[in-house]
Number of protein chains: 2
Amino acid sequence: MKKKLSIVDIANSLNISKTTVSFILNGRAQEKRISDELVKRVLQYVKEVGYKPNSLAKSLRTGKSNIIGLLVQDISNHFFATIARRIEDLAYQSGYKIIYSSTDNDTQKTQELIAMFRDRHVDGYIITPPDNIEEDISDLIKDGFPVVLFDRYLPKVATDYVVVDNLFSTFNATQYLIDKGHKNIAFITYSSIQTQMIERLEGYEKAIRQSKLKPHIIEVDFHATDQEILKLILDFFESHKDVDAILFANNHLGKCGLKATRKAGKNVPGDIALIAFDDYELFELYTPAVTAIAQPIDEIADNVIKLLMERLNATTPEEKNQHITLATELIERDSSR
Amino acid sequence: MKKKLSIVDIANSLNISKTTVSFILNGRAQEKRISDELVKRVLQYVKEVGYKPNSLAKSLRTGKSNIIGLLVQDISNHFFATIARRIEDLAYQSGYKIIYSSTDNDTQKTQELIAMFRDRHVDGYIITPPDNIEEDISDLIKDGFPVVLFDRYLPKVATDYVVVDNLFSTFNATQYLIDKGHKNIAFITYSSIQTQMIERLEGYEKAIRQSKLKPHIIEVDFHATDQEILKLILDFFESHKDVDAILFANNHLGKCGLKATRKAGKNVPGDIALIAFDDYELFELYTPAVTAIAQPIDEIADNVIKLLMERLNATTPEEKNQHITLATELIERDSSR
DNA sequence: ATTATCTACTAAACCTGTTTAGCATTACCA
DNA sequence: TGGTAATGCTAAACAGGTTTAGTAGATAAT
């Protein structure tokens with residue numbers, strides 16, 4: 001095991017001060033009037049022996065880490081995993097590393113994770129905020145950390161965010177079902193105060209209201225197991241035999257919905273039409289293929305990173321916040337034809 | 001913004017030395033003969049003002065970080081995402097945080113990531129190794145870092161690992177198809193020198209050989225796109241009309257296989273029976289439901305963490321390595337009936 | 001000749017903890 | 001009473017970088 005070299009070793013080997021080495025390695029040679037000849041000699045030697053500065057020491061002194069903290073609701077969920085993956089790649093290209101973790105929508109866990117990230121001197125934050133986290137996020141911002149939210153935002157917190165046009169998406173999907181002649185359209189969602197969920201509900205309600213139809217809303221507890229969700233939906237089928245279409249507020253509910261319709265022996269779309277929010281391969285390959293509201297995953301990731309990089313590279317803290325709302329796409333498939 | 005407290009602030013406020021504070025906070029009060037009265041006073045005050053030691057400074061001095069580096073092939077793949085999620089939870093319970101990243105099976109990227117992890121003073125490593133990474137992993141081990149591999153292992157590197165019984169799994173699945181009367185069973189895999197892939201191929205070949213059947217093996221390049229894989233399979237269907245069963249070497253190939261059989265208009269399992277390695281919800285919900293070799297995801301994660309924790313807590317470096325091989329389960333569904 | 005300016009560096013402080021070595025007191029013992 | 005041991009705590013070194021403040025010597029300006 002070759003012992004790791006330190007900047008002092010480099011300085012000693014070249015008989016110069018570690019200050020000089022530090023200046024050169026940080027590109028401040030010109031500014032500090034280090035001769036070109038010495039710069040070349042140091043760079044050459046450093047390359048030769050493969051010296052890499054200890055980033056802990058660096059972070060300790062500078063307060064910067066070149067690390068971005070990414071907090072998603074659940075990394076094992078396809079939507080978040082894919083976005084996380086792309087964010088990771090993009091950040092990497094800009095010289096940043098990512099630390100990520102799942103919040104589980106658990107406020108306390110999120111608080112602990114934020115504390116850990118702060119402690120680790122993370123440079124910026126990308127977060128899908130759980131409930132009641134406003135204060136912690138505000139503190140981050142107050143303390144000058146760049147924060148970008150996505151998927152949802154916090155109305156009471158002024159910060160950058162990237163979301164999709166949830167209200168229009170469900171309005172449009174519901175209208176689509178109405179246009180197909182469906183009269184009893186149900187909406188299955190989580191009971192949540194998060195913006196994306198509220199907006200999706202509003203979009204549904206707006207379309208239903210406009211057409212003077214009767215709303216059917218099932219709210220599922222966020223911590224309900226798949227079994228419980230399944231049972232809830234099956235019970236709903238029992239008590240609402242007239243429902244002829246369902247809109248699911250996210251991919252997980254959609255998946256449970258598929259299980260439920262199958263178990264109930266419903267013919268899709270003959271007996272009942274289905275539309276899910278957030279497309280993924282299951283909906284594409286399922287028989288019959290499921291109509292879905294596809295979120296622009298790559299675009300979301302691209303914009304999140306773009307906003308964060310702008311803030312990280314800004315010399316003065318930008319005062320006004322940027323809010324990006326992206327369009328979704330209704331992908332029509334067999335389940336709603 | 002309240003400025004972050006340092007151990008010096010604590011010491012000054014209490015008019016004692018920061019050494020004393022450090023000893024107390026690290027539970028070395030008894031050993032260092034600090035009076036119980038003072039211990040109580042310090043602990044009380046620290047709690048009161050909410051002081052948390054700066055972990056960067058701590059890591060810099062001690063060389064320990066309470067962070068585990070997790071390198072999986074692709075975090076957006078369901079199998080890895082789920083394992084990563086569970087590993088994260090388990091590590092968290094033991095007081096460790098996880099930094100994870102995707103290797104993409106790219107050797108150079110993996111080397112860079114390992115360098116970054118080392119640099120960040122990560123305490124231990126969990127890795128699904130790509131090709132040609134033997135030397136880097138050996139270096140880690142030589143330098144005393146706990147390393148646990150999973151999903152595959154490196155025959156030339158002596159370390160702990162957790163894998164499944166790949167050979168038996170595919171042997172068993174192939175035999176299952178043979179018992180059903182299939183005569184022309186194909187195996188679709190990646191051209192890979194990784195142990196898990198080699199073993200899966202061997203299991204298939206062994207069963208085919210025992211029954212004196214003719215092997216049909218398609219090897220797909222790891223970097224092939226879904227489109228290319230699809231085309232390859234469709235071409236294979238064209239040129240091998242007699243094939244009546246396919247075993248896929250992993251979930252992604254299985255997914256492409258579903259698309260292919262659908263596109264080719266094949267009746268499953270009438271025309272052709274399918275079995276996929278590595279179960280997930282798509283296979284469960286697809287019509288017809290796909291028979292799959294289910295890996296014990298939770299058990300894999302549990303054992304990986306168990307092995308790593310044993311090494312992390314060991315006072316002396318354990319000489320002999322532990323190799324854990326877990327059983328898979330063949331989940332019979334419609335696609336092979 | 002003296003002062004100012006510039007060049008090319010560097011010593012020492014700093015970031016925030018941990019760890020080593022050691023220093024007063026008091027207690028104990030012969 | 002003098003020597004040893006135990007008690008209770010601390011100063012300073014250390015981890016490995018960055019940054020501030022400054023220095024020695026050469027050149028230019030007054």
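Lettering follows sequence order; numbering is per chain, from 1.
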d(Arg61(A) CZ, His121(A) NE2) to nearest 0.5 Å is 12.5 Å
N-O pairing of Lys4(A) and Asp9(A) below 4.0 Å: no
For a side-chain hydrogen bond (donor to acceptor under 3.5 Å, both in side chains) check, start with the C-alpha distance between Glu88(B) and Ser101(A), then their side-chain angles and the critical distance, and finish with the verdict. CA-CA 8 Å; Glu88(B) 181 191 327; Ser101(A) 221; 2.9 Å; yes
Heavy-atom contacts, protein to nucleotides 17-29 of chain D, under 4.0 Å, summarised as B (base), S (sugar-phosphate only) or - (none) per nt, yield BBBB---------
Only residue of Thr159(B), Val163(B), Thr325(B), Asn321(B) satisfying side-chain contact (heavy atoms from CB on, under 4.5 Å) with Tyr153(B) is Val163(B)
Charged tip of Lys40(A) within 45° of Tyr45(A) ring normal and under 6.0 Å: no
Kindly state whether the ring of Phe150(A) and the ring of Tyr161(A) have centres lying under 6.0 angstrom apart. no
In this structure, how many angstroms lie between the P atom of dT18(C) and the CD atom of Glu31(B), rounded? 13 Å
Provide, to the nearest angstrom, the distance between the CG atom belonging to Asp36(A) and the P atom belonging to dT7(C). 13 Å
Do the side chain of Asp123(A) and the main chain of Ser65(A) share a donor and acceptor less than 3.5 angstrom apart? yes
With a cut-off of less than 4.0 Å, is there a side-chain N or O of Thr20(A) near OP1 or OP2 of dT10(C)? yes
Between C1' of dC15(C) and CG of Leu56(B), the distance in whole Å: 10 Å
Tell me: CG of Leu14(A) to P of dC9(C), nearest whole Å? 12 Å
Within this structure, what is the CG-to-C1' distance between Asn66(B) and dG17(C), rounded to whole angstrom? 15 Å
If you measure only the distance, is there a donor-acceptor pair under 3.5 Å linking the side chains of Ser55(B) and Asp119(A)? yes
Verify side-chain hydrogen bond (donor to acceptor under 3.5 Å, both in side chains) between Gln322(A) and Asp160(A), making sure each step is shown before the conclusion. CA-CA 5 Å; Gln322(A) 295 192 59; Asp160(A) 292 352; 5.1 Å; no
Provide, to the nearest angstrom, the distance between the NE2 atom belonging to His121(B) and the P atom belonging to dT18(C). 15 Å
Taken to the nearest whole Å, CD/Gln30(B) to P/dC9(D) is 13 Å
Rounded to whole angstrom units, what separation is found between the CD1 atom of Ile34(A) and the C1' atom of dA8(C)? 6 Å
Five pairs at each end of the helix from dA1(C)-dT30(D) to dA30(C)-dT1(D): take the axis at both ends and give me the angle between them to 10°. 70°
